[in-house]
Every structure is written in structure tokens, then in C-alpha cells.
Amino acid sequence: MNNTINHHDIHYELVEAVRRQDRTAQFELYNLYAKAMLNTSFRIVRDLAEAEDVVQESFVKAFHGIEKFRGDSTFGSWLKRIVVNGALNALKRKKELADIDEEGVELVEDVPIDCDGLNLDQIKAAVTQLPDGFRLVFTLYMIEGYDHKEIAEIMEITESTSKSQLNRAKVKLRELLKTMYSYER
């Protein structure tokens, strides 16, 4: 197998050691990424035990499938994609994605959101109150940095639905911030 490894990946040597089944390298990569991956997983599944399970399963999947890592992106990006997919699959098993409605999707103008004057905890609290479909797209786009095409692939929805869900999430978030903190912009 011809693996094209990105030699600019700061963890190139660790990844190569993992390919050689080096358990110390696996442990180092785990320690480097576990907390960030747990945060990503938790933002999606909103249950700590479930998030921990997703992260554990994702690391096992990544280490067992390390030969599939081609180095097109950093190891961290590749692992995050595995975690996001695992978290979404966990939600699907719980059938919590039922509120994403592909029918009647309409594109709306990009809704700006301005949270000046609010602290991070207030914003996080409001985001957790969003309906799951809105929260997932909002989190993947605004926090995890995925674009609509990537979100569409991850969530098996159309790009239009992703855009629509994001804008609806912003509108709903404004309403929540107004209700929860009397915040208006």
C-alpha cells in the first residue's frame, strides 16, 4: 500500500510508530488528543459516558485502521472525523436526529450572530438548548470548523439542508439568548 504521509504533521513520527504497533506511541497520541476528542464527542452526544465510549471506540478504530490514514490531513483531523462520525452514529442509534427535516428545506439568507457581551459559559448553555439537528450542524460548522459540504457528507444530508439548519440554529440561538439572558442584538 502506498501511503502518502504529510511530513508536516507534527505527529508524523508518532503516527509512524503506531503503524509499527508501538504501544507507547499509541499512548502518547491518546494523551495528546483524548481531551479534545472528548470535548468534540460531548458537544454532539451531550452525555459524558456516551462521549467517553465514542472516544474510546474511535481511538481503537483509528489505531486498528492506521494503514487507512493517508496523510492528506493531519492525524488530529483524521481522528476528529472518526470521533464525529462515531458520535453521530451513537445519536442515530438513539434516534435523536429525527428533527432534521429534509423536506421543505428553504435557503435563507445568512443570519449573522453577534455574541459580544456574553461569556463562553452563557453561549455554551444556550447552544445545549438548541434542538439536536440545529445543535449538531451549528457545532460542526461554528465550533469544529467543517464546511457545509463536509457536514452534508458526515450527516448524510444535503448541503442546502446544512445551510438551512445552520441559519435556523442561529435564529433559535438568538431567541434563546434573549430568553435566558435578556440579550438582544
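- Side-chain atoms of T139 never come within 3.5 Å of backbone atoms of L136 as a donor-acceptor pair (strictly under, hydrogens ignored).
- Under the 4.5 Å side-chain criterion, counting only non-hydrogen atoms from C-beta, E57 is not in contact with I82.
- For the pair T161 (side chain) and I157 (backbone), a donor-acceptor distance under 3.5 Å is absent.
- No side-chain heavy atom of Y181 sits under 4.5 Å from any side-chain heavy atom of L176.
- A donor-acceptor distance shorter than 3.5 angstrom exists from the side chain of R46 to the backbone of T128, with no hydrogens or angles considered.
- Within the 4.5 Å cutoff, the side chain of Y30 has heavy atoms near those of the Q56 side chain.
- Between the side chain of S58 and the backbone N or O of V54, at least one donor-acceptor pair lies under 3.5 Å.
- Annotation: side chain of V45 is not in contact with side chain of L88 (no heavy-atom distance under 4.5 Å).
- The existence of a salt bridge linking R81 and E153 is confirmed by a sub-4.0 Å separation between a basic side-chain nitrogen and an acidic carboxylate oxygen.
- Remark: the backbone N or O of A36 is not paired with any side-chain donor or acceptor of K80 at under 3.5 angstrom.
- Going from atom CG of L177 over to atom CD1 of I123 covers 7.0 Å, rounded to the nearest 0.5 Å.
- The heavy-atom pair separating F134 from Q165 by the smallest distance is CD2-OE1, 3.0 Å.
- Between the N89 side chain and the N85 main chain, a donor and an acceptor come within less than 3.5 Å of each other.
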message = side-chain contact (heavy atoms from CB on, under 4.5 Å), that's the test. Do M155 and L140 meet it? Break it down for me.
response = CA-CA 10 Å; M155 295 184 67; L140 291 173; 3.8 Å; yes
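- Because its NZ or CZ atom is not both nearer than 6.0 Å to the ring centre of Y141 and within 45° of the ring axis, K163 does not count as a cation-pi partner of that residue.
- Listed here is the closest heavy atom pair of A25 and L14: CB-O, 3.7 Å.
- You'll find the side chain of R93 reaches within 4.5 Å of the side chain of E50, heavy atoms only.
- Between V83 and L38, the closest side-chain pair of non-hydrogen atoms is not below 4.5 Å.
- Contact of the Q122 side chain with the M180 side chain is not registered, since no non-hydrogen atoms from C-beta on lie closer than 4.5 Å.
- In this structure, L48 is a member of the same hydrophobic cluster as M37, with clusters built from ILVMFWY side-chain heavy atoms closer than 4.5 Å.
- Annotation: the span from F138 atom CZ to N167 atom CG amounts to 11.0 Å, rounded to 0.5 Å.
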Run L166 and H148 through side-chain contact (heavy atoms from CB on, under 4.5 Å) and show every step you take. CA-CA 9 Å; L166 177 63; H148 289 294; 3.7 Å; yes
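- Considering OG1 of T40 and NZ of K35, their distance stands at 12.5 Å, rounded to 0.5 Å.
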Residue pair F42, E52: steps toward the side-chain contact (heavy atoms from CB on, under 4.5 Å) verdict: CA-CA 8 Å; F42 183 76; E52 289 171 341; over 6 Å; no
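- Atoms CG and NE2, on L79 and H11 in that order, are 11.5 Å from each other to the nearest 0.5 Å.
- When the options F59, F75, W78 are evaluated for a ring-ring contact (aromatic ring centres under 6.0 Å, His included) with Y33, the one that passes is F75.
- In this structure, S182 and K178 have side chains that are not in contact, with every pair of non-hydrogen atoms separated by 4.5 Å or more.
- Between K170 and E175, no side-chain nitrogen of the basic residue sits less than 4.0 Å from a carboxylate oxygen of the acidic one, so the salt-bridge criterion is not met.
- Between the side chain of R135 and the backbone N or O of V127 there is no donor-acceptor pair closer than 3.5 Å.
- Atom CD1 of I143 sits about 8.5 Å away from atom NZ of K124, to the nearest 0.5 Å.
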| said: With side-chain contact (heavy atoms from CB on, under 4.5 Å) as the criterion, how do K92 and E156 come out once you've worked through the C-alpha distance, each side chain's angles and the decisive distance to 0.1 Å? | reply: CA-CA 11 Å; K92 285 177 185 172; E156 298 175 359; 3.8 Å; yes
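- Taking CG of L32 as the reference point, atom CZ of F27 lies at 10.5 Å (rounded to 0.5 Å).
- Within the 3.5 Å criterion, the main-chain N or O of D147 finds a donor-acceptor partner in the side chain of E150.
- Nearest heavy-atom pair across V137 and S162 is CG1-O, 3.3 Å.
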